[in-house]
There are 2 protein chains.
Amino acid sequence: MGKDQKKLPLYIQIKNKLVSNIKEGIWKPGDTLPSESQLMEQYNVSRTTIRQAIRDLVQNGILETSRGAPTKVKEIPEDGLGNPGVIHHEIGTDMAVILLRMEKSQTHYHAKYQLSLPETADIFYMERLRMADGKPIAIQQSYLPLAIGDVIEQVADKKFDFFSTLGNHGIYHTNIKEHVSADNATQYEADILGVSAGEALITIERTTLGIDSKPIEYSTTKYTTKAFKYTIEID
Amino acid sequence: MGKDQKKLPLYIQIKNKLVSNIKEGIWKPGDTLPSESQLMEQYNVSRTTIRQAIRDLVQNGILETSRGAPTKVKEIPEDGLGNPGVIHHEIGTDMAVILLRMEKSQTHYHAKYQLSLPETADIFYMERLRMADGKPIAIQQSYLPLAIGDVIEQVADKKFDFFSTLGNHGIYHTNIKEHVSADNATQYEADILGVSAGEALITIERTTLGIDSKPIEYSTTKYTTKAFKYTIEID
DNA sequence: TGGGATTTGTGCGTATGTATG
DNA sequence: ACATACATACGCACAAATCCC
């Protein structure tokens, strides 16, 4: 826990502690937090610091404040972090991933374009079947620069959180762009997903930019409509 | 301009002034703003106030800050206000709308549910064909509470911006929720949209909440994939 | 119903850290 | 190296909304 949080800004440390308390179930959705004055005493920081931490978490949809009333943990904490009003998830509980193909390739020129790589570059290619509760829900094709691919290769056959895995290797992302469209399933896709050829699928194209604003991932995922939920909230 | 901004919080007033400067082109995308100290003098407020205004605008994607460097107007201000990274639009230039049906109805129970209306209530129903450059791109079914429907009825056969029209009548919205899915076109839809039956369509379900957090609109729009573009950016 | 205590919101001043140019 | 600019952090005061007895 307390690794080297020492060099992080105080309000970030406070934020992390508050989030921890929520994740550990000490404060549950709907619960009220201690007042700002109490938190000031408890953590021995100024009100400014407490308020900045709280403000960030309100912005992230984790907390909820209103004048005169105590601050509460928001019901339905959306997706947690980083999401400014976008919810995106697969429907199901028991998630799994089956690796269909994995290779270093020189073709896939459209992917190289998306990744801002020269046409002569090798890229890392991966095709995976995403499962929920034992049933296939999506086919995902991922294209990665080789440096990123090497990191992913070791865990490609497991269920893993893409960004957490990269984070563990010091690779972080700053910006995700997703494009939504629809297609009719090809015979190949239909066979794998267990639907009829021609059935409507939802396609998500995703481009992720790294800290240096260079692409670190381009992927195309085709979901069966039953297994997909995409909700956007604009306030 | 300076109506009764007097009673608004100072940082809100500052925010409005900054936004005005951008909208009037005094500060263009990429331009740098005066430093915080300069703004403090110019508006005669504390740094806290200036920073709170700037922080809000950064959050809204209007401004861009970085340590040590001057604050800039963000390039590509997304959609301007209120949108935390969601872009949503139809492809085409010459937009038009054809009214297919319009009626006050007692059925459409699913819509009443979405609008939080009792089962006995009448609702306003509208089915319209959306055109771009002379070609059909979407079928839209809208369900409105009667009070809202009366306002819309007068302009239903014109191309109009839904929210602007309501705004002109003193009806404002606070929250929009959209759900994205995909369907295969029915024969009816295919005929109207000029595609083949079974072709994949993108469906947008939209619920809009008014100032009082009560629904003012529920609609279902089915787009042909060629005419649709949905991009989500998460920072 | 009322009114006082509590809690968050707004705003000011100041000082220091740290990245940029 | 230096000045500038934004980031973090402390303390104080009062306003406004809520809560609770």
Atom [atom1] of [X] to atom [atom2] of [N]: distance rounded to whole Å?
| X | N | atom1 | atom2 | value |
| --- | --- | --- | --- | --- |
| Ile12(B) | dT10(C) | CD1 | C1' | 10 Å |
| Glu36(B) | dT8(D) | CD | C1' | 12 Å |
| Arg55(B) | dA7(D) | CZ | P | 9 Å |
| Leu8(A) | dA7(D) | CG | C1' | 14 Å |
| Arg51(B) | dC6(D) | CZ | P | 8 Å |
| Glu41(B) | dC12(C) | CD | P | 14 Å |
| Glu64(B) | dC6(D) | CD | P | 13 Å |
| Tyr11(B) | dA15(D) | OH | P | 18 Å |

Close N/O contacts between protein and nucleotides 13-17 of chain C (under 3.5 Å):
residue : atom : partner  : partner atom : Å
dG17(C) : N2   : Arg67(B) : NE           : 3.4

>> By the 4.0 Å heavy-atom rule, please label Thr71(A) as base, sugar-phosphate, or nothing.
In response: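 Thr71(A): backbone/sugar contact only, no base atoms under 4.0 Å.
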> Reckon Ser66(A) touches a base, only the sugar-phosphate, or nothing at all at heavy-atom distances under 4.0 Å?
Replying inline: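 Answer is sugar-phosphate: Ser66(A) comes under 4.0 Å of backbone atoms only.
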>> Nearest heavy atom decides the nucleotide; on that basis, is Ala69(A) or Ile50(A) closer to the 5' end of DNA chain D?
In response: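 Result: Ile50(A).
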> Closer to the 5' end of DNA chain D via nearest nucleotide, is it Pro70(A) or Gln52(A)?
Replying inline: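 Per heavy-atom nearest nucleotide, the more 5' residue is Gln52(A).
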Identify whether the distance between the nearest side-chain nitrogen and carboxylate oxygen of [X] and [Y] falls below 4.0 Å.
| X | Y | answer |
| --- | --- | --- |
| Lys112(A) | Glu119(A) | no |
| Lys15(A) | Asp56(A) | yes |
| Glu64(B) | Lys74(B) | no |

> What is the base-pairing partner of dA15(D), counting Watson-Crick and G-U wobble geometry with both distances under 3.5 Å?
Replying inline: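 dA15(D) is paired with dT8(C).
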>> Under the criterion side chain to side chain donor-acceptor pair (under 3.5 Å), I'd like the reasoning laid out for Glu217(B) against Ser219(B): C-alpha separation, chi angles, the key distance, then a yes or no.
In response: CA-CA 7 Å; Glu217(B) 182 231 11; Ser219(B) 69; 3.2 Å; yes
>> Go through it in stages, so that I can follow the logic: the residues are Tyr125(A) and Glu127(A), the test is side chain to side chain donor-acceptor pair (under 3.5 Å), and I'd like the CA-CA distance, side-chain angles, deciding distance and then a yes or no.
In response: CA-CA 7 Å; Tyr125(A) 171 68; Glu127(A) 181 171 321; 2.9 Å; yes
> How are the rings of Tyr218(B) and His110(B) set to each other: parallel, tilted or perpendicular (split at 30° and 60°)?
Replying inline: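 Ring orientation, 0 to 90° scale: perpendicular.
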> Given Leu33(A) and Trp27(A), is the side-chain contact (heavy atoms from CB on, under 4.5 Å) satisfied, shown in steps?
Replying inline: CA-CA 7 Å; Leu33(A) 266 63; Trp27(A) 299 328; 3.9 Å; yes
